[in-house]
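Within every chain, numbering begins at 1; the chains are lettered A, B, ... in the order of the sequence lines, protein sequences first and strands thereafter.
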Amino acid sequence: MEGVPCRTSHGPALDSLVTATMSSKPVRRVDRVVIRFAGDSGDGMQLTGDRFTSETAALGNDLSTLPNFPAEIRAPQGTLPGVSSFQLHFADHDVLTPGDAPDVLVAMNPAALKANLADLPRGAMIIVNTDEFTKRNVAKVGYDVSPLEDDTLASWHVHAVGLTSITVSALADFDLSRKDKERAKNMFALGLLLWLYTRPTDGTEHFLKRKFADQPEILEANLAALRAGFNYGETTEDFAVTYEVAPAPMAPGTYRNITGNTALVYGLVSASHRTGLPIVLGSYPITPASDILHLLSSLKRHGVTTLQAEDEIAGVGAALGAAFGGAIGVTTTSGPGLALKSETIGLGVALELPLVVIDVQRGGPSTGLPTKTEQSDLLQAMFGRNGESPVAVVAPRSPGDCFDTAMEAVRIATTHRTPVLLLSDGYLANGSEPWRIPEVADLPDLQVDFATETNGVNDAGEPVFHPFLRDPETLARPWAVPGTAGLEHRIGGLEKADVTGNISYDPDNHDTMVRLRAEKIARIADRIPPLEVDDPDGDAEVLVLGWGSTYGPIAAATRLVRNTGAKVARAHLRHLNPMPANTGEVLRSYRRVIVPEMNLGQLALLLRAKFLVDVRGYNTVRGLPFKSVELADAIRETIAEPHDPTHPDTEVSR
Amino acid sequence: MTAQDLGMPRTGTDGVPRLPEDAPAQKKKDFTSDQEVRWCPGCGDYVILAAVQGFLPELGLKRENIVFVSGIGCSSRFPYYLNTYGMHSIHGRAPAIATGLATSRPDLSVWVITGDGDALSIGGNHLIHALRRNVNLKILLFNNKIYGLTKGQYSPTSEVGSVTKSTPVGSVDTPFNPVSLALGAEASFVARTMDSDRKHLTATLRAAAEHRGSALVEIYQNCPIFNDGAFQLLKDRDEAQARIIHLVDGEPVRAGEDHVVVRDATGSLSVVAEADADPADIVVHDAGAADPTRAFALSRLDDPSQRHVPMGIFRDVSRPTYDDLVRAQVDGAIASGGGPAGDADLTSLLHGKDTWTVSA
């Protein structure tokens, strides 16, 4: 077979022909592949991608995925807005991103082809479903002539396959409607791709048997389509070789594939086990956070209570009420919902109760891009409340890291008695990666101590409870839950007198309390690890500092830069407020700091304000993760430029 | 399906720890906090506070297992003056906060203090959803038909034409009837009482506390500063006699000495002279009727002129509460799983169905 169905990042040495194992055709070993499945919203592309991912994970490849789908549940058929895609990057080494550009595009119809062609490097493989390229469908997306019939695709390696018609004929003996037969075409495509990349089919066969246990005819049809696709690759002369990607070296352990939303749920539930306190989730459905509500609602045996509230405000209200009662109160939302929760989070700041607020960020402002990713809620999380109302802010860097970050959010909330905002995003929520499953015994101990005794005396010398008498080290106030005799107290949103918690309008007291609340958040930094810098030789002059889901693309970009011999340092913030104590020192030790963000420079603004360091933004807001190649170019440009401390530009050109 | 059929708690305070039999009886002062009460002189809130402080001891509950949650407004200062657990929260949101608390803590008696602006304007959504869910909350709605804390704007219960600071030529919006609203939201307990009638107020609180589920008690409360005399007609002994319709379960509904409430030809209710009424048409109050239609019709006898104002318990029916059902699902999952999930279950959860092992 001709063409370049894959590219190697480690050079051509790995690109060698090896003996076939599963196939009678030659097997070519490659080190990494990016595949994108694209079709109509109803074509089952997410499922196809998920299954390919599972088979790939089981083979031991490292991987990263990027589902990308429209906000509409079923957009008009065959149109560009209705295209849904799933991209998977897998390799024999550690994978940091879902890949900049696909090596293989599976296009189920003209819209899927047109919507994705621009992302495809010249020479990539396109497997296209010719049956959908009717005159009408082609015209619907603005082609005058079918791109299969002119030279539109001359730069790519095209496999034109009648996916629908071959599937239907493979299922000729089944007593199913034509429509049902056609629906199995995604399994045919999956079978073909599994063959092409030497993946087994058994995991998918087990999956189908579970999924269609009650519909034996549909089950058999899907199995037949899957096998037909696999066999088609084996028999047709159109495909001359198959490809193999060896397992990636990974730390020993047991792995599974996990999405960010699932990892957040598992982190919360694990925190519940380790604190001994129940999770109470108050939530209102919103994309892309709803899966957290769905999954938690199925974990009742772990003591999880979920309340689907009447609105976003009630969701966080219920969580805060439960926190007053001694539970781990959690609310989950996305940007617009966070806006609605602001006042209640402010109440949490005033009450000084633990509260975990998870914002799975999406494109904004307003309704914005519900199914696309963005990092543009950082300033909302930091400042989106009235008054001086500091909260802790943390952000996971990868789907698997959502687990640790959720546990960390609970730790901060319960230890420091404060709302904690956890900023995930659409890419982390739905994207997946292999995750080494931790041993339960190794998880941190998050034991919480409730107040049980009075802690002061009144003017008459009688023992009393002071709800705002703080821990001298953390400045956290006692968490005294209803049901504790002798500690009856009232708290509220009105300013409270230091120590006693009684209502106070005293000017000096207010000044004291505002500063105490700020200092309490600042002292969280005493118990978080320092910012680690990846600077292999310790002499780089440029630092790339990121936060959240840009971790993968930034790491991939710095690797690209280093592969060409240049030096660049890299660091990533998990704690956005407070930041690690050494953050300023790290920033000041580099000639130039680049801060890539999927927003217009929100972390950059904070860093400039806080540390007076002239950091530079690298910013895109396309609803998609960065392309590491482009970021690498920007880094190289910065490294190459002469030292000029008065440089006025604040954004790296791109 | 009733709560009883499900083997669920039956009274509002089931599950809340009680004082030991031999403990000294609680007194009003046990429920009085050390905070100075700061309502305006003559405010109806004082008498309601006194009534609540006087009533709580008779519940016989451990004081630390009682929680008052309020929103924002004059009445919402209430929790500060009670020596129980309390939260003065934010405007309109008390029912939501209390729902989270009550659902996660079956051992608490949770009360919500709110006003006409707090409950029916900014917090309208939370109120109706708490009522439809039937969360075991006792919601005391102080209705003075005015915004007091913000100094005198009209409220969602002010009559059309109310001249206030924000409506100098009269308000144009139709007011809510809180009882009708609550019944429309399928509240399982709805009552109306008045600040100045201590005996009736206390009896109503008692019934609300007894009820398992959401209990909405509208309390007519006088604001002497911004809406003084709003309920004067009902407080004047002679006027009240004819105007107040006392709802007594199982008894004919009477309006004053010589009028009764009858079903009219349209199916709604009207007040007629007893002498003109067919005895068969006279309405006998049935607070426990499953169908809320009659209770709703009674609530519509009220009008802005206060010619007839029903007082008492409009509705008191038993249906499963949200918090009991939510806990039953959690308890059921734990029971069917053979006990609470432990480390092994957590390990199994984290592993899921598809794992692979990388060896050293």
Practice item. Heavy-atom pairs under 4.5 Å with chain B are the metric here; pick the option from A:R301, A:M250, A:K300 that has the most. Key: A:R301
Review point. For the side chain of A:E55 and the backbone of A:G203, is there at least one donor-acceptor N/O pair under 3.5 Å apart?
Key: yes
Revision key, fill the gap. Turns out that what part of A:F403 lies under 4.5 Å from chain B's heavy atoms comes down to side chain
Exercise for review: Indicate whether the side chain of B:T11 and that of B:D14 have a donor and an acceptor atom separated by less than 3.5 Å.
Suggested key: yes
Check your understanding: Which atoms of B:T84 come close to chain A, meaning under 4.5 Å heavy atom to heavy atom: side chain ones, backbone ones, both, or neither?
Key -> backbone
Exercise for review: For chain B, find which of A:L299, A:N257, A:N502 contributes the most heavy-atom pairs closer than 4.5 angstrom.
Suggested key: A:N502
Check your understanding: Judged by modelled atom types alone, do A:T259 and A:T262 share a side-chain donor-acceptor pair under 3.5 Å?
Key -> yes
Check your understanding: Do you know which of B:D354, B:N65, B:N125 has the most heavy-atom pairs with chain A at a distance under 4.5 angstrom?
Key -> B:N125
Review point. Heavy-atom distance under 4.5 Å to chain A: side chain of B:Y322, backbone, both or neither?
Key: side chain
Review point. Is it the side chain or the backbone of B:V330 that comes within 4.5 Å of chain A heavy atoms, both, or neither?
Key: both
Review point. When only heavy atoms count and the cut-off is under 4.5 Å, which of residues 95-104 of chain B reach chain A?
Key: B:A96, B:I97, B:T99, B:G100, B:L101, B:T103, B:S104
Point to revise | Per-residue contact mode, B:R133 against chain A (heavy atom under 4.5 angstrom) | key: side chain
Practice item. Examine A:R477 relative to A:F468 and say whether NZ or CZ is less than 6.0 Å from the centre of the six-membered ring and inside a 45° cone about the ring axis. Key: yes
**Study point:** Main-chain N/O of B:P320 paired with B:N134 side-chain donor or acceptor, under 3.5 Å
**Key:** yes
**Study point:** When A:P252, A:P249, A:P247 are compared by non-hydrogen pairs under 4.5 Å with chain B, the top option
**Key:** A:P252
Check your understanding: Passes side-chain hydrogen bond (donor to acceptor under 3.5 Å, both in side chains), B:R93 versus B:H126? Steps please.
Key -> CA-CA 7 Å; B:R93 317 303 171 197; B:H126 307 305; 3.0 Å; yes
Practice item. Name the member of B:T355, B:T357, B:L346, B:I334 that forms the most heavy-atom pairs with chain A at distances under 4.5 Å. Key: B:L346
Point to revise | Between A:S270, A:G60, A:G346, the one whose heavy-atom pairs under 4.5 Å with chain B are most numerous | key: A:S270
Exercise for review: Sort B:L82 into side chain, backbone, both or neither according to what part of it lies under 4.5 angstrom from a heavy atom of chain A.
Suggested key: backbone
Study note, to complete from the structure: In short, B:S75 meets B:F142 closest at the heavy-atom pair CB-CD2, 3.2 Å
Review point. Does B:Y85 use its side chain to pair, donor to acceptor, with the backbone of A:T484 at less than 3.5 Å?
Key: yes
Point to revise | Selection from B:G342, B:P17, B:S336, B:A344 maximising heavy-atom pairs under 4.5 Å formed with chain A | key: B:G342
Exercise for review: Counting only heavy atoms closer than 4.5 Å, note whether B:L108 contacts chain A via side chain, backbone, both or neither.
Suggested key: side chain
Review point. Going through the checks in order, is the salt bridge (charged side-chain N to carboxylate O under 4.0 Å, His left out) test met by B:R327 and B:D324?
Key: CA-CA 5 Å; B:R327 288 188 294 261; B:D324 284 328; 2.8 Å; yes
Review point. Considering only heavy atoms, which portion of B:Q35 lies under 4.5 Å from any heavy atom of chain A: side chain, backbone, both, or neither?
Key: side chain
Point to revise | Side-chain donor or acceptor of A:N61 paired with backbone N/O of A:L63 under 3.5 Å | key: no
Point to revise | A:I437 versus chain B, the contacting section by heavy-atom distance below 4.5 Å | key: side chain
Exercise for review: Given side-chain contact (heavy atoms from CB on, under 4.5 Å), test B:I72 with B:H88 step by step and report yes or no.
Suggested key: CA-CA 7 Å; B:I72 292 293; B:H88 178 212; 3.7 Å; yes
Review point. By a 4.5 Å heavy-atom criterion (distance strictly below it), what part of A:L307 contacts chain B: side chain, backbone, both, or neither?
Key: both
Check your understanding: Side chains of B:R77 and B:S70: is there a donor and an acceptor less than 3.5 Å apart?
Key -> no
Exercise for review: Tell me, out of B:V67, B:D107, B:N83, who's got the most heavy-atom pairs with chain A below 4.5 Å.
Suggested key: B:N83
Practice item. Could you tell me if the ring centre of B:W111 sits under 6.0 Å from that of B:F78? Key: no
Review point. Given A:I503 and B:Y80, is the side-chain contact (heavy atoms from CB on, under 4.5 Å) satisfied, shown in steps?
Key: CA-CA 9 Å; A:I503 298 173; B:Y80 288 117; 3.4 Å; yes
Check your understanding: So, B:D118 and B:H91: side-chain donor and acceptor under 3.5 Å apart, yes or no?
Key -> yes
Point to revise | Part of B:R132 lying under 4.5 Å from any heavy atom of chain A | key: neither
Exercise for review: Output all residues satisfying ring pair (Phe, Tyr, Trp, His ring centres under 6.0 Å) with A:H273, sequence neighbours left out; order by chain, then residue number.
Suggested key: A:H302
Review point. What residue, out of A:A319, A:S54, A:A57, has the most heavy-atom pairs lying under 4.5 Å from chain B?
Key: A:A57
Check your understanding: Using a cut-off of under 4.5 Å for heavy-atom pairs, which of A:G483, A:G492, A:P482 has the most such pairs with chain B?
Key -> A:P482
**Study point:** Donor-acceptor pair, side chain of A:S272 and main chain of A:L277, under 3.5 angstrom
**Key:** yes
**Study point:** Proximity breakdown for A:V481 and chain B, heavy-atom pairs closer than 4.5 Å
**Key:** both
Point to revise | Residue among B:D345, B:D34, B:D331, B:T347 with most heavy-atom pairs under 4.5 Å to chain A | key: B:D345
Revision key, fill the gap. Honestly, the part of B:S359 sitting under 4.5 Å from a heavy atom of chain A is backbone
Check your understanding: Should B:L141 and B:L120 be marked as a side-chain contact (heavy atoms from CB on, under 4.5 Å) after you check the CA-CA gap, both sets of side-chain angles, and the distance that decides it?
Key -> CA-CA 9 Å; B:L141 193 168; B:L120 303 174; 4.1 Å; yes
**Study point:** Interface moiety of A:L59 toward chain B, non-hydrogen atoms closer than 4.5 Å
**Key:** neither
